[in-house]
Amino acid sequence: MSTTTFPASDPLTWKQADTDVHVATRAGEFAGFVEFDGTTHLVRDQRGLELGTFASLDDARDALEGAHAPEKPPLSFTFTLPRMLRRRPRRARA
């Protein structure tokens, strides 16, 4: 199974699929949906995983947008090898 990822700069495009269902796409690919059950808005991502329930449609849309935000890369640090290990290896003598 392959997963397509899109940059966060591509905005979600919303369409109302039914009276109680709003579908999101990003760059033409399905990104998730919001379903209204009469009391709350249920948000599911592109894999169908539940992201939560919200009182308003705007909050539900924001939650789906936040779920697609890129993860921060791990912190990078500089590591220097000890001087002894930085030298070029010596050739073995015959």
Side-chain angles (χ1 to χ4, degrees):
M1 180 174 113
S2 64
T3 303
T4 306
T5 57
F6 299 101
S9 61
D10 290 346
L12 287 178
T13 303
W14 290 92
K15 292 187 180 180
Q16 188 169 0
D18 202 356
T19 57
D20 55 353
V21 178
H22 296 263
V23 178
T25 58
R26 185 186 308 267
E29 297 286 327
F30 176 71
F33 68 95
V34 176
E35 180 180 15
F36 183 65
D37 67 0
T39 57
T40 60
H41 294 83
L42 174 67
V43 181
R44 294 190 184 268
D45 68 1
Q46 73 272 17
R47 292 184 217 112
L49 298 174
E50 186 176 325
L51 299 178
T53 57
F54 300 89
S56 73
L57 180 59
D58 289 334
D59 291 342
R61 288 180 173 187
D62 291 342
L64 187 59
E65 183 70 44
H68 288 275
E71 295 179 14
K72 293 182 180 178
L75 296 175
S76 61
F77 59 93
T78 56
F79 178 78
T80 56
L81 292 172
R83 186 173 182 202
M84 179 180 84
L85 296 175
R86 283 186 272 159
R87 293 184 188 164
R88 294 172 51 180
R90 294 182 182 176
R91 294 185 181 181
R93 294 185 186 188

Expected list for residues 49-56: side-chain donor-acceptor pairs under 3.5 angstrom, two or more places apart:
| unit_1 | atom_1 | unit_2 | atom_2 | d |
| --- | --- | --- | --- | --- |
| S56 | OG | D59 | N | 3.2 |
| S56 | OG | D59 | OD2 | 3.1 |

Self-check item: Check: T39 main-chain N/O paired with D37 side-chain donor or acceptor under 3.5 Å
Solution: yes

Quiz item: Which atom pair, heavy atoms only, marks the closest approach of A60 to H41?
Solution: CB-CB, 3.9 Å

Self-check item: Atom pair CG (L64) and CG (D62), whose distance is rounded to the nearest 0.5 Å
Solution: 10.0 Å

Quiz item: What's the spacing between F36 CZ and L42 CG if we round to 0.5 Å?
Solution: 11.5 Å

Quiz item: What residues, two or more places apart in sequence or in another chain, satisfy ring-ring contact (aromatic ring centres under 6.0 Å, His included) together with H22?
Solution: none

Quiz item: Does the side chain to side chain contact (heavy atoms under 4.5 Å, CB included) test come out yes or no for L57 and V34, once each step is laid out?
Solution: CA-CA 8 Å; L57 180 59; V34 176; 3.8 Å; yes

